[in-house]
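Structure record follows, encoded as structure tokens.
The shown structure was predicted, so the numbers you read here are calculated from the model rather than taken from an experiment. Chain A is the first sequence line, chain B the second, and so forth, proteins listed ahead of strands; every chain is numbered from 1.
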Amino acid sequence: MTEDRSPERGSDRYNAREAEPRWQKVWRERGIFRTRNDDPRPKFFVMEMFPYPSGRIHIGHGRNYVMGDVLARYKRMKGFNVLHPMGWDAFGLPAENAAIERGIHPKAWTYENIASMREQLQLLGLSLDWNREIATCDPSYYVEQQRIFLDFLEHGLAYRKESEVNWDPVDNTVLANEQVIDGRGWRSGAVVERRKLAQWFLRITDFSQQLLDALDTLERWPDKVRLMQRNWIGRSEGLEVLFEFARGFAPEADAVPADKTVKVYTTRPDTLFGAAFLALSPDHPLTRALAAKSPKLAAFVADCKTGGTSAEAIETQEKKGFDTGLKVVHPLDPARTLPVYVANFVLMDYGTGAIFGCPAHDQRDLDFARKYKLPVVPVVLPPDTDPGAFAIDDVAYDGDGTLINSGFLDGLAVPEAKEAVTRRLERFHVGDAPQGTRRVNFRLRDWGISRQRYWGCPIPVIHCESCGPVGVPRDQLPVALPDDVTFDRPGNPLDRAKAWRDVPCPKCGKPARRETDTMDTFVDSSWYFLRYASDNPDKPLDKDAVAHWLPVDQYIGGIEHAILHLLYSRFFTRALKACGRVDVEEPFAGLFTQGMIVHETYKDQDGRWLFPEEVKLLGPGRAEKLADGSPVTVSPPEKMSKSKRNVVAPEVVADTYGVDCARWFMLSDTPPERDSEWTQGGIEGAWRFVQRIWRLVHEAAELGAAQGAPAPDAFGETALALRRAAHGLVATVADDVERLRFNVAVAHVHEFANVFGAAVAAARGSRDGVTPDLAFALREAAEMVTAAVGPMVPHLAEECRAALGLEGLAAEAAWPLADPELLRRDTITLPIQINGKKRDDIVVPREATPAEVEAAVLKLESVRRALDGRAPKRIIVVPQRIVNVVA
RNA sequence: GCGGACGUGGCGAAACUGGUAUACGCAAGGCACUUAAAAUGCCUCACCUUCGGGUAUGCGGGUUCGACCCCCGCCGUCCGCACCA
């Protein structure tokens, strides 16, 4: 990596270090990537997930930008008006951590990082419209976000609620459910605690069904992502059932809910005859009422709140219950009563916070029943099972089957039994209410957006003791973050910023306080793609511009955003439509999730991580330290990370090999959705190929026809083969790029280069000079390959174009048209199978009939030998594909 | 526990809708050019073979004229969710 592969002198090599900045300057000065909204050409909107400005990027960050750039450049060549913007997801905790650790203001830290990362991105030669650059921490950006918040407030899509929140004790902040991973904070890794706070919520659950249904329309999204969202939304159909208390076993009058019932949610009404108990959540209102009078129950409830929320803790946590002494009547069998427990495994925020337990057919209920010696009555008989032999031991049966021990349900299949129970309970009444009500439940919860943090978008609300929370009047927006804050104490600096915080109530004028919570940074990224559409700073969310550009035709980013960012963005777009701000519903028509770039890791004898440039590679898995030759431990490739030092800086690659070489390598070999390993060998190979293209184009320019020379009437074999390859290349690379199969596109360019190289060698070797047909084909091939590689290696393409003496920039050139005549073959080589194994080839005219093909095949020596004089049993001729002789 | 994806040479991989398995590259070996090296170009590169052919896409079955591809059952790897009634 330290070796300098750029030539110091001479013209027989492509000098990337000199050429790349030169072309970038030309692009910049001519402003060719600036996009106009009034451009009449068809639009194409491609964007990559914007980066968090954490400091410096490594080459691993570059992959998705390069992929998007290839598509953007290709679509431009195909005549589209391409929007390819860039911005910064600039609010967030690391800036505050830097402030705390190093005393630098979050704003200064962030803008410094943006400046250096912008420079690094520009180094990659990306065809971005930097005029539309946004930073979410800029008041010009978040002023609109505050307007959106007020819109949501007015439309009932934002609300405030006292709620138990996930409290991260390390970052001192509230986390959304989605930010809690295995019971730990997604960023700090600290075990999350439960606390009660008044929080702002966005009503994403209003859109649960829409967000679920519309997944089916997102045909250009990965199935995996759609499935993950489907599971996250978690729709289930079931029945709410009212259980009446048994006479003499009801709670005391002041604890009973008005209707004297317990409401339970179930997705398995068919198993109701197998019910052994009812269980309430420790947070259920009835539990609270009972606990107020029962110290023992209160102690049990308190006990339920201890213990970790980690996956392992939950997995191994014992099912615990508290018998309240209450009993309810079985809704389908008034003679039976069921005991009512409070149980630690029942969640208050799903369903009704109360369940009925059917031990035979639910594992948790079974564990619980065994522990508290409750009856286990099987009511679903698995298919092909002897009823006499069927018994539940330690494993509940949750499959399909036939109902038994269930009165009027006996003999029915599970789905029929569900329907039968539902119908009957819908007819029964408890007081005025039907005893059973069909109910759809979702796992999805409303989105808590309040964060007790400084470096985020202020929530534009003022709290007044008389008027309550009041939205900041729109003419007073933005509510800008105060700069004059300190980070020397824990907690939110905004709470201490008196001059900013204390303001009069906009309604009554009395002294009031600003909301000091800021918004979750996922809010910032939930509408930035809409912001990009506008080219008018006075209309950051421009309905017409959004209508023109959205949906995003191709969005590219990491799989880690499969749920959070992408679901929130889908919700935001719908919510904005509900507020009349936009007319679209789905923001991203096409989504692609790219793999990471991984790299080997190196450790010296003292166990310290080494950068790749500190290491000399000796062979597979063997390396030594460049400084002193001491041995180095090589470990398998991992995601590039600063802490393990297995990173490669874009500047270093650019200096040594050139940016195009890095781009080519990132696109080569590995399918874009998979992780790709950055290797020395790989980058060297890419460098050789970049040089090869440059050399071939230069030689072809020399040996080939003059620019614009007319096509000869006839072409010899070599020239025709080259023309076919060149036209085929243009067609196949177009197809590969449209399908984002960049590695295949690269392979096709390699294949072409082999044909091209042979033709150039033939031309160079001919004693009588290059024939006019070959000269024409060489020129044509050079122009076509220059265009075909243009989106991938744009600087090289400019250099080649200049060498060919062509007018204008490669970046603005049109994608060449492949001549269909040259793509079509008059004769076809058909593979001949005998009993399904390929044994021979036959060349036939394209238009040959199956009978003609069959006749020709039977004459083949290989077929005659295989048949050995017998008649074939069958001959299958698939026109223009294959022939199979069944002997 | 539930859900999903993947498994092809020494390595990264290709194979379009069931139709020539291993394209293309990397690594390795050989040759040419060169005083030499680098660079470049060319050749070889799944396994076995009696040179006819035979065997190979994780393993075992099935469907089909034909299966990396579809179906059933295993094994392995990776990912997502997770007390959701």
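- A:Ser236 comes within 4.0 angstrom of sugar-phosphate atoms only, judged by non-hydrogen atoms across all strands, and of no base.
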(message) Generate the contact string for nucleotides 6-16 of chain B. Rules: B means base contact, S means sugar-phosphate contact only, - means no protein heavy atom under 4.0 Å.
(response) ------BSSS-
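- The NZ atom of A:Lys616 sits 12.0 Å away from atom CD of A:Gln680, with the distance rounded to the nearest 0.5 Å.
- Because its glycosidic torsion is more than 90° from 0, B:G76 is reported here as anti.
- A:Gln833 comes within 4.0 angstrom of a base, heavy atoms only.
- For A:Arg364 and B:C84, a side-chain-to-base donor-acceptor distance below 3.5 Å is absent, hydrogens and geometry of angles not being considered.
- Between A:Thr829 and A:Gly681, the one whose closest nucleotide on RNA chain B sits nearer the 5' end is A:Thr829.
- Atom name P, nucleotides B:A37 and B:G30: the rounded distance is 13 Å, in whole Å.
- Listed candidates were B:A23, B:G53, B:C84. Nearest to the side chain of A:Glu751 is B:A23.
- One P atom belongs to B:U64, the other to B:G54, and the distance between them is 23 Å to the nearest Å.
- Within the 4.0 angstrom heavy-atom criterion, base atoms lie near A:Val346.
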(request) Show the numbers, then the answer: is there a side-chain contact (heavy atoms from CB on, under 4.5 Å) between A:Met666 and A:Ile59? (result) CA-CA 9 Å; A:Met666 279 192 266; A:Ile59 204 76; 4.2 Å; yes
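- At a threshold of 4.0 Å, the pair A:Arg370-A:Asp365 does not count as salt-bridged, since none of the basic side-chain nitrogens sits closer than that to a carboxylate oxygen.
- A donor and an acceptor atom sit less than 3.5 Å apart, one in the side chain of A:Lys319 and one in the base of B:C83.
- The separation of B:G66 from B:G4, taken at their P atoms, amounts to 31 Å, rounded to a whole angstrom.
- A distance of about 11 Å separates the C1' atoms of B:A46 and B:A21, rounded to the whole Å.
- When base pairs are accepted only as Watson-Crick or G-U wobble with both N-N or N-O distances under 3.5 Å, RNA chain B takes part in stems of 3 or more pairs at B:1-7 with B:75-81, B:10-12 with B:24-26, B:28-32 with B:40-44, B:46-48 with B:53-55, B:58-62 with B:70-74.
- A:Arg220 places no side-chain N or O within 3.5 Å of a backbone atom of A:Leu218 that could act as its donor or acceptor partner.
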(request) Applying ring pair (Phe, Tyr, Trp, His ring centres under 6.0 Å), run through A:Phe665 and A:Trp687 and close with a yes or a no. (result) CA-CA 8 Å; A:Phe665 174 55; A:Trp687 187 82; over 10 Å; no
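- Only the C1' atoms considered, B:A36 is 24 Å distant from B:A28, to the nearest whole Å.
- Salt bridge absent: A:Arg741 and A:Asp735 never bring a charged side-chain N and a carboxylate O closer than 4.0 Å.
- Of the options A:Tyr372, A:Phe322, A:Phe300, a ring-ring contact (aromatic ring centres under 6.0 Å, His included) to A:Tyr341 is made by A:Tyr372 and by none of the others.
- For the OP1/OP2 pair of B:C84 and a distance below 4.0 Å, the side-chain nitrogens and oxygens of A:Tyr265 include no atom meeting the criterion.
- Phosphate contact (OP1/OP2 of B:C84, side-chain N/O of A:Arg235, threshold under 4.0 Å): absent.
- In this structure, A:Arg17 CZ and A:Thr656 OG1 are separated by 8.0 Å, a value rounded to the nearest 0.5 Å.
- Closest approach of A:Ile683 to A:Ala662, counting heavy atoms only: CD1-CA, 4.1 Å.
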(request) Evaluate the criterion side chain to side chain donor-acceptor pair (under 3.5 Å) for residue pair A:Thr437 and A:Tyr265; output intermediate values, then yes/no. (result) CA-CA 9 Å; A:Thr437 311; A:Tyr265 178 71; over 6 Å; no
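- Atom CZ of A:Phe752 and atom NE2 of A:His748 lie 13.0 Å apart (nearest 0.5 Å).
- Ion pairing between a basic and an acidic side chain is recognised when a charged N comes within 4.0 Å of a carboxylate O; A:Glu237 and A:Arg438 show no such pairing.
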(message) Strictly under 4.0 angstrom, non-hydrogen atoms only: write out the protein contact profile of nucleotides 40-45 of chain B, one letter per nucleotide from the 5' end, B, S or -.
(response) SS----
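- Base orientation of B:G4: anti, since the glycosidic angle falls outside 90° of 0.
- A:Val886 comes within 4.0 angstrom of sugar-phosphate atoms only, judged by non-hydrogen atoms across all strands, and of no base.
- Looking at heavy-atom distances under 4.0 Å, A:Arg764 makes no contact with the nucleic acid at all.
- For B:G25 and B:A13, the C1' atoms lie 8 Å apart once the distance is rounded to whole Å.
- Residue contacts shown for A:Asn884 include a base, since a base heavy atom lies under 4.0 Å away.
- The separation of B:U57 from B:C47, taken at their P atoms, amounts to 16 Å, rounded to a whole angstrom.
- At a threshold of 4.0 angstrom between heavy atoms, the contacts of A:Ile876 include nucleobase atoms, whether or not backbone atoms are also involved.
- A salt bridge does not link A:Arg364 with A:Asp367: none of the charged nitrogens is closer than 4.0 Å to a carboxylate oxygen.
- Spacing between B:U20 and B:C16 at atom P, rounded to whole Å, works out to 8 Å.
- Between A:Arg874 and B:C65 there is a side-chain N or O to OP1 or OP2 distance below 4.0 Å.
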